[in-house]
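Only a predicted model underlies this, so the values are computations on that prediction, with no experimental measurement involved. All ligand and atom numbering here is 1-based and tracks the order in the structure. Side-chain atoms are counted along with the backbone in the values below, which use heavy atoms only and exclude waters and symmetry mates.
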Amino acid sequence: MSPKVIIKSGLFRAAGYFKPGKSSAGELAPEHLAYLTRKNPALVDLKQRYERAPKPEHSAWTHWENSIELRRFRGENDYLSQAYFRQTGFRYSLTAAYTEIIDQWKLLDTLTEDDRFGVKTWEVLPGKVITRDLLDSILEIYFLQEALGLERNSNLRVLDIGAGYGRLAHRVTNAFPQAHVTCTDAVATSTFLSEFYLRYRNAADRTRVVPFDKLNELRPGNYDLAVNVHSWTECTRAFVAFWLDRVVDLGIKNLFVVPHFGDFATTERDSTMGTYEPELKRHGFKQVRHQPKCHLSKIVQTSCINPADYRFFQR
Ligand SMILES: C[S@@+](CC[C@H](N)C(=O)[O-])C[C@H]1O[C@@H](n2cnc3c(N)ncnc32)[C@H](O)[C@@H]1O
């Protein structure tokens, strides 16, 4: 990886320590503390297997993954940046108010949140722990509800590519009791954490974590939807093409993508930006819905936490 990317990510991480917001590992049981270490044989094994597995040119994550603090994996890190130097409280209030207004299924009441694993918590709604994990997930779920015409009892089957610690899988399976989410990732630490986190949240029976070197276990016809949230922007174009090949092979017709920015930028090995837009076309995906995260208000969209565009494709 280029020195420019290493310096940029080092600065990003260092700046995170000075950002506002309350965060702690939370009260963890001794067995969880013991499990979440770099020496855990399950993680060591995954890392060795991922290094050996044939793959396209990898992302900056080969370097970043070693800096994830395992007991604070929901913290201000590469999975979810949560605070700003200015107006963070205002942004959370605005985003929480927007979420409350569109929350027809009352997910803010039913999806629970706590302070575990370093997540930053915000006291903007009395009696409710608010985090970016919770708000982003609810907004993504309502986008999917409209895009796919979902009901609470929909039997949705999702393949989450670049699933991180399993944030969306946890939330989707709580919002849709009949749903099933398969998580996969090209980074061993992410696979290790999602496997742990989904068990921790009692979601293991309606989720599955498939390691990168076992992708051949995925079966065509088993998925309604593939998702990629805040991941492909950090990948090379060759790696995005690799995943789109898998999505096509698995016969998945619907694709939900949330890029970091409005477009389809990739991050190449020499730290230049590329684009995966031609790959979407080449794989037969047409964009059928494109809307800002807080699309009902330009004011909220401008000042919400991590403004993003939601994009939905079909083939
Ligand atoms: C910013 S995190 C987002 C995680 C998750 N999608 C979420 O929204 O909470 C980026 C994710 O992309 C994954 N990733 C990095 N390089 C990848 C690659 N080449 N293929 C698939 N996933 C990758 C990382 O392991 C990480 O889980």
Q) Between E217 and R208, does at least one N-O distance fall below 4.0 Å, as a salt bridge requires? A) yes

Q | Charged N-O contact under 4.0 Å between R199 and E195 | A | yes

Q) For E27, does the CD atom sit with more than 12 other heavy atoms under 6.0 Å from it, leaving out its own atoms? A) no

Q. With sequence neighbours left out, what residues match E57 under side chain to side chain donor-acceptor pair (under 3.5 Å)?
A. none

Q: Identify, with sequence neighbours excluded, every residue that meets side chain to side chain donor-acceptor pair (under 3.5 Å) alongside T95.
A: none

Q. What residues form a ring pair (Phe, Tyr, Trp, His ring centres under 6.0 Å) with F192, not counting sequence neighbours?
A. Y35

Ligand 1 polar-atom proximity to protein (N/O, under 3.5 Å):
residue	atom	partner	partner atom	Å
ligand 1	6 (N)	G162	O	2.7
ligand 1	6 (N)	V229	O	2.9
ligand 1	8 (O)	R167	NH2	2.8
ligand 1	9 (O)	R167	NE	2.9
ligand 1	12 (O)	S231	OG	3.0
ligand 1	16 (N)	S59	OG	2.9
ligand 1	20 (N)	W243	NE1	2.9
ligand 1	25 (O)	D185	OD1	2.6
ligand 1	25 (O)	D185	OD2	3.2
ligand 1	25 (O)	S190	OG	2.7
ligand 1	27 (O)	G164	N	3.0
ligand 1	27 (O)	D185	OD2	2.8
ligand 1	27 (O)	S190	OG	3.4

